[in-house]
Amino acid sequence: MTIDRQILRLALPSIVSNITVPLLGLCDVAIMGHVGGARHIGAIAVGSMIFNVMYWLFVFLRMSTSGLTAQAYGAGRWDVTRHVRRRHLTMALCFGAAIIVLQEPLRMLTFWLMQAEDDVAALCTPYYYICIWGAPAVLGLYVVTGWLVGMQNTRLPMVIAIGQNVVNIATSLVLVLVFHMGIVGVAIGTLVAQWVGFLTAIVAPLSSPEGDTLPCKQTNEAPLGAVGGAFFLRTVCLVSVNLYFTSAGAAQGALILAANTLLMQFFTLYSYMTDGFANAGEALAGRYVGAGDAAMLRLTIRHLFLWGFIMALTFTVVYALGGTTLLRLLTTDSDVVRMAQHYLPWAVAIPFAGMAAFVWDGIFIGMTRAKGMLVACFVAAVVFFALWLLLAPTMHNDALWLAFIAFLTMRGVVQTIEAI
């Protein structure tokens with residue numbers, strides 16, 4: 001099988017899986033955009049960011065599971081792959097239970113950090129209290145998905161993601177449009193879908209591709225601590241930037257917050273599509289590292305960047321030609337659309353700004369080069385905050401978008417230097 005066929009075999013199901021995630025966000029924003037206005041769109045943005053903040057901090061569970069599993073797969077250690085799955089799934093469920101127990105102080109902290117207007121915060125509060133009960137399911141699914149990717153299986157996560165998101169969209173539409181439950185209906189739809197997805201993943205067959213070839217030994221706990229810790233700190237940098245981006249938008253008023261929320265759907269849509277190739281990079285890079293095949297690793301990296309370029313070019317053209325149309329599909333609020341149109345060129349710049357970072361992330365995860373990802377993200381975060389603080393007094397929201405584009409670009413630049 002050629003390297004491109006291997007990449008596409010893994011990437012295409014991942015793309016289908018990933019594209020359902022931003023489509024869910026688009027659906028929630030669209031529902032609130034049509035039954036409410038800027039405040040409802042802002043409430044969805046704040047609510048989603050609150051859980052992104054919490055869950056992103058634990059994404060190291062998926063990353064470390066994927067990388068360690070892929071390397072064990074490449075080495076033929078099926079026993080080790082199962083050990084990684086059991087250990088990380090136990091950790092995920094414990095972390096999820098802790099989030100539920102600590103839900104009230106977490107709510108107070110995250111609402112304070114978001115600095116949303118009082119009416120937006122009031123709309124967001126019931127959303128929070130409902131969705132918090134999905135924490136164990138979300139974190140558990142992180143682990144199962146990462147394990148499957150490491151086992152070179154992206155088809156089962158695709159099936160799970162499609163089913164999960166169909167449940168979410170259908171439940172939210174019924175509860176909001178038929179029973180007029182508003183943002184509470186969106187929250188219940190999210191919660192139901194989270195548990196359906198996780199329980200489906202747990203009962204699905206998770207067999208190894210082959211029988212045991214070696215006894216379960218030498219499953220050193222040290223790599224998890226080193227890899228997981230660096231992934232965690234890297235995620236803190238990402239969360240800080242994304243949280244501050246939303247907070248800075250909210251501080252400029254509900255209209256700016258709503259416009260930024262719509263435009264961030266462009267980023268989310270592109271990133272989840274490109275992450276399909278990053279997932280292929282995780283699986284293949286880890287596999288060839290585990291197998292000790294340096295030649296195939298180099299070939300894989302070259303072809304992953306070729307596909308990354310194709311994706312970036314495609315999305316740039318689509319956003320440049322159809323950006324305004326997409327904005328109008330998301331909301332009927334003409335004021336929000338006009339405000340978003342003003343900042344649309346920044347969204348058009350996203351694909352090429354972020355391409356290298358997304359591709360390298362997958363490769364570095366597979367190689368478990370967590371420290372390299374941490375350094376790149378830290379440097380990029382420093383650039384983000386420096387540009388914002390320097391330019392905000394004169395450029396305002398344009399400064400926020402410039403800083404975000406620079407953040408994406410610097411991640412890719414630093415990782416490229418590290419790889420060389």
Side-chain angles (χ1 to χ4, degrees), residues 53 55-75 80-81 84 87-88 91-92 95 139 142-143 145-147 149-150 218-243 271 274-275 277-294 297-298 300-301 304-305 308 354-386 406-420:
V53 168
Y55 295 151
W56 282 347
L57 292 175
F58 295 98
V59 78
F60 72 90
L61 290 168
R62 195 201 71 79
M63 293 179 174
S64 56
T65 301
S66 175
L68 294 173
T69 300
Q71 292 182 20
Y73 177 95
V80 178
T81 66
V84 170
R87 180 180 62 184
H88 291 203
M91 292 175 59
F95 284 133
L139 300 187
Y142 278 179
V143 170
T145 300
W147 186 82
V149 170
Q218 297 178 344
T219 52
N220 195 346
E221 300 289 332
L224 174 62
V227 172
F231 279 144
F232 173 80
L233 293 175
R234 175 256 186 187
T235 304
V236 170
C237 294
L238 280 177
V239 169
S240 299
V241 170
N242 283 276
L243 175 62
S271 65
T274 307
D275 272 350
F277 291 93
N279 289 342
E282 293 177 29
L284 294 174
R287 175 180 179 176
Y288 294 129
V289 167
D293 194 337
L297 177 61
R298 289 192 296 269
T300 298
I301 292 173
L304 283 170
F305 268 93
M355 185 271 290
F358 294 143
V359 174
W360 277 126
D361 279 353
I363 295 166
F364 276 39
I365 289 170
M367 299 174 69
T368 58
R369 292 183 58 174
K371 290 183 179 179
M373 294 178 66
L374 170 59
V375 170
C377 207
F378 177 78
V379 171
V382 170
V383 170
F384 170 85
F385 286 108
F407 170 73
L408 295 177
T409 304
M410 285 303 301
R411 282 171 55 194
V413 168
V414 176
Q415 285 175 301
T416 301
I417 294 172
E418 290 178 339
I420 296 174

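What you are looking at is a predicted structure, and each value in this text was computed from that prediction instead of being measured. Position 1 is the first residue of the sequence, and the numbers go up from there.
- For the side chain to side chain donor-acceptor pair (under 3.5 Å) test, no residue two or more places apart in sequence or in another chain qualifies with T145.
- If you take CZ on F384 and CE on M410, they are separated by 14.5 Å, rounding to the nearest 0.5 Å.
- Residues forming a ring pair (Phe, Tyr, Trp, His ring centres under 6.0 Å) with F358 (at least two apart in sequence, or on another chain): Y270.
- Among all heavy-atom pairs drawn from G146 and T65, the shortest one is C-CG2, 3.9 Å.
- Contacts of Y288 classified as ring pair (Phe, Tyr, Trp, His ring centres under 6.0 Å), with partners at least two apart in sequence or in another chain: none.
- Residues L238 and C377 are in side-chain contact: their nearest non-hydrogen atoms beyond the backbone lie under 4.5 Å apart.
- With Q71 contributing its side chain and G366 its backbone, the two residues share a donor-acceptor pair below 3.5 Å.
- Remark: Y55 pairs with F51 by the ring pair (Phe, Tyr, Trp, His ring centres under 6.0 Å) rule, at least two apart or across chains.
- For the salt bridge (charged side-chain N to carboxylate O under 4.0 Å, His left out) condition, the pairs that include at least one residue of residues 277-291, sequence neighbours left out, are R62-E282.
- Taking both residues in full, the closest heavy atoms of A419 and W360 are given as CB-CH2, 3.3 Å, listed atom of the first, atom of the second, then distance.
- With sequence neighbours left out, A357 forms a side-chain contact (heavy atoms from CB on, under 4.5 Å) with R411, Q415.
- Here side-chain hydrogen bond (donor to acceptor under 3.5 Å, both in side chains) pairs that include residues 227-243, with residues two or more places apart or in two chains, are R234-D361.
- Atom CG of residue L233 and atom CE of residue M373 lie 12.5 Å apart, to the nearest 0.5 angstrom.
- Annotation for T69 and G150: closest pair CG2-C, 3.8 Å, computed over non-hydrogen atoms.
- The side-chain heavy atoms of E418 and F364, taken from C-beta on, include a pair separated by under 4.5 Å.
- Closest approach of A230 and L374 over heavy atoms only: O-CB, 4.0 Å.
- With sequence neighbours excluded, the residues forming a side-chain contact (heavy atoms from CB on, under 4.5 Å) with F378 are C237, V382, listed by chain and number.
- Residues passing the side-chain contact (heavy atoms from CB on, under 4.5 Å) test with A283, sequence neighbours excluded: L10, V149, Q152.
- One finds the CG atom of L304 at 12.0 Å from the OG1 atom of T274 (value rounded to the nearest 0.5 Å).
- Legend: residues meeting ring pair (Phe, Tyr, Trp, His ring centres under 6.0 Å) with F407, ordered by chain and number and at least two apart, are absent.
- Counting heavy atoms from C-beta on, the side chains of D293 and L297 never come closer than 4.5 Å.
- Using modelled atom types and a 3.5 Å distance limit, the side chains of S66 and W147 yield no donor-acceptor pair.
- The side-chain contact (heavy atoms from CB on, under 4.5 Å) test applied to F232 returns L57, F60, V236, not counting sequence neighbours.
- When every heavy atom of H88 is checked against every heavy atom of L61, the shortest pair comes out as ND1-O, 3.9 Å.
- At least one side-chain heavy atom of L68 sits less than 4.5 Å from a side-chain heavy atom of R87.
- The OG1 atom of T300 sits 8.5 Å away from the CD1 atom of I363 when rounded to the nearest 0.5 Å.
- The shortest heavy-atom contact between Y73 and T81 is N-CG2, 4.0 Å.
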